[in-house]
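In what follows, a single structure is set out as structure tokens and then discussed.
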Amino acid sequence: MSRHQRLNDILGLVAERGRLGVEEAAERLGVSVATVRRDFDHLAQQQLLTRTHGGVVSGAASLDLPLSYKIARNADAKRRIAAAAAAMVPIGSTVALNGGTTTHEVARAIASRPDLASGDGGPSVTVVTNALNIATELAVRPQVKILVVGGVARPQSYELIGPLTAPALEQVWVDIAFLGVDAVDPRRGAMAHHEGEAAVNRELASRAERVVVVADASKLGAAAFALICDSAQLDVLLTDTDPGPDVRAAFREHGVEVVVAGTPAP
């Protein structure tokens, strides 16, 4: 089990029970007491939990919203993608994240980077998002500055959509936009099932110096109803499985670099 997964499991246990002891956590997670203590201390420093003698209790931050938006499929793949995406983020940069289970994991991976929390206590990265679950989880992280664009909440994805998002996005410029998609194809581009989500995602991409699609293998070669942007508007496809030389070549024709999480870039 990775440390990232272990931290998320600890948050889940505390959300269910309200408190968690060191010994119990060590037994449930199959790790040493010393490892659990370090994890408890880390989560307390992130203001996600409150440290007590012998354990932790729920902190002031609400854990219900982020934890209710769990990864349903391809969890390991999405975490590998998230770790690779977080490594692309320089300290001091501005990042855009749309909604979705993969981008939610990217947000967690960025916030969990130890180097972002080692400064003077101020923000080390700025995140622009239209996803309520991402904003809720990151709002308590002092190393992350959050800008939430306005709009109407879509319950299925926790995303804010509609015409109110555009005015806020027109006033910002981001270094990297990480886009979660429902489908991506070298010929058709990046797509979403819902036209309102696609419109906001398109606006996020237009405000970015670099656009990175984060998508597990199940999204590659698929199609969805609404176009986010053409392949020519993408810079990187970050996925979990090598799609093969033909697909790589097809994306390369549009200027898209295919990066497989956990392997060196070609």
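Val128 has its side chain within reach of Val149: a pair of non-hydrogen atoms, C-beta onward, lies under 4.5 Å apart. Considering only heavy atoms from C-beta on, Arg108 stays 4.5 Å or farther from Arg79 through its side chain. Contact check for Lys145 versus Val127: no side-chain heavy atoms found under the 4.5 Å cut-off. By the 4.5 Å heavy-atom criterion applied to side chains, Glu105 and Arg80 are not counted as neighbours. Counting heavy atoms from C-beta on, the side chains of Val148 and Asn130 never come closer than 4.5 Å. A 4.5 Å side-chain heavy-atom check between Thr103 and Val214 finds at least one atom pair inside the cut-off. Between Asp9 and Leu29, the closest side-chain pair of non-hydrogen atoms falls below 4.5 Å. Arg207 has its side chain within reach of Trp173: a pair of non-hydrogen atoms, C-beta onward, lies under 4.5 Å apart.
Glu159 and His194 are not linked by any side-chain donor-acceptor pair at a separation below 3.5 angstrom, with hydrogens and angles left out of the test. For the residue pair Glu197/Ser157, the side-chain donor-acceptor check at 3.5 Å is satisfied.
Each side-chain hydrogen bond (donor to acceptor under 3.5 Å, both in side chains) pair with one or both residues in residues 224-245, not counting sequence neighbours, appears once here: Asp242-Arg248.
Within the model, atoms CG of Leu204 and OG1 of Thr165 stand 8.0 Å from one another, a figure rounded to the nearest 0.5 Å. How far CZ of Arg28 is from CD1 of Ile10: 11.5 Å, rounded to the nearest 0.5 Å. Atom CD1 of Ile81 sits about 8.5 Å away from atom NZ of Lys78, to the nearest 0.5 Å. Taking CZ of Phe178 as the reference point, atom CG of Leu97 lies at 7.0 Å (rounded to 0.5 Å). If you take CE on Met191 and CG on Asn201, they are separated by 12.5 Å, rounding to the nearest 0.5 Å. Separating the CD atom in Glu195 from the CD1 atom in Ile228 is a distance of 12.0 Å, to the nearest 0.5 Å.
Closest approach of Ile176 and Met88 over heavy atoms only: CD1-O, 3.5 Å. The nearest pair of heavy atoms linking Val213 to Ala190 is CG2-CB, 4.3 Å. Across every non-hydrogen atom of Ala215 and Val181, the tightest pair is CB-CG2, 4.0 Å. Residue Ile161 comes nearest to Arg154 through the heavy atom pair CD1-CD, 4.1 Å, listed as atom of the first residue, atom of the second, then distance. Among all heavy-atom pairs drawn from Leu220 and Pro243, the shortest one is CD2-CB, 3.7 Å. Heavy atoms only, all atoms of each residue included: Ser58 and Thr50 are closest at O-OG1, 4.0 Å.
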Item to complete: Under the side chain to side chain contact (heavy atoms under 4.5 Å, CB included) rule, what do Val57 and Leu49 come out as? Steps first, then yes or no, please.
Response: CA-CA 6 Å; Val57 297; Leu49 299 173; over 6 Å; no
Item to complete: Please report the C-alpha distance between Val36 and Val31 in whole Å, then the side-chain angles of each, then the deciding distance to 0.1 Å, and finally whether the side chain to side chain contact (heavy atoms under 4.5 Å, CB included) criterion is met.
Response: CA-CA 7 Å; Val36 169; Val31 296; 3.7 Å; yes
Item to complete: Quick one: do Val256 and Val236 satisfy side chain to side chain contact (heavy atoms under 4.5 Å, CB included)? Show the steps, please.
Response: CA-CA 5 Å; Val256 182; Val236 177; 5.7 Å; no
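Looking only at distances, no side-chain donor or acceptor of Arg37 sits under 3.5 Å from a matching main-chain atom of Ser32. Remark: the backbone N or O of Pro186 is paired with a side-chain donor or acceptor of His254 at under 3.5 angstrom. A distance-only check finds a donor-acceptor pair linking the side chain of Thr136 to the backbone of Leu132 [under 3.5 Å]. The closest donor-acceptor contact from the side chain of Thr94 to the backbone of Val174 lies at 3.5 Å or more, if one exists at all. At distances below 3.5 Å, not a single donor-acceptor pair connects side-chain atoms of Ser112 with backbone N or O atoms of Ala109.
Across Val14, Leu11, Val56, a single residue satisfies side chain to side chain contact (heavy atoms under 4.5 Å, CB included) together with Leu43, and that is Leu11. With Val95 as reference, Val125 is the one residue of Val106, Val144, Val125 to meet the side chain to side chain contact (heavy atoms under 4.5 Å, CB included) rule.
No single ILVMFWY cluster, assembled from side-chain heavy atoms under 4.5 Å apart, contains both Leu164 and Val172. Ile91 and Leu138 end up in the same hydrophobic cluster when Ile, Leu, Val, Met, Phe, Trp and Tyr side chains are linked at under 4.5 Å. When hydrophobic clusters are built by joining Ile, Leu, Val, Met, Phe, Trp and Tyr residues whose side-chain heavy atoms come closer than 4.5 Å, directly or via intermediates, Leu237 is not grouped with Leu227.
Between Arg210 and Asp175, no side-chain nitrogen of the basic residue sits less than 4.0 Å from a carboxylate oxygen of the acidic one, so the salt-bridge criterion is not met. Salt bridge Asp39/Arg3: present, at least one basic N to carboxylate O contact under 4.0 Å.
Arg202 CZ: more than 12 foreign heavy atoms inside a 6.0 Å radius.
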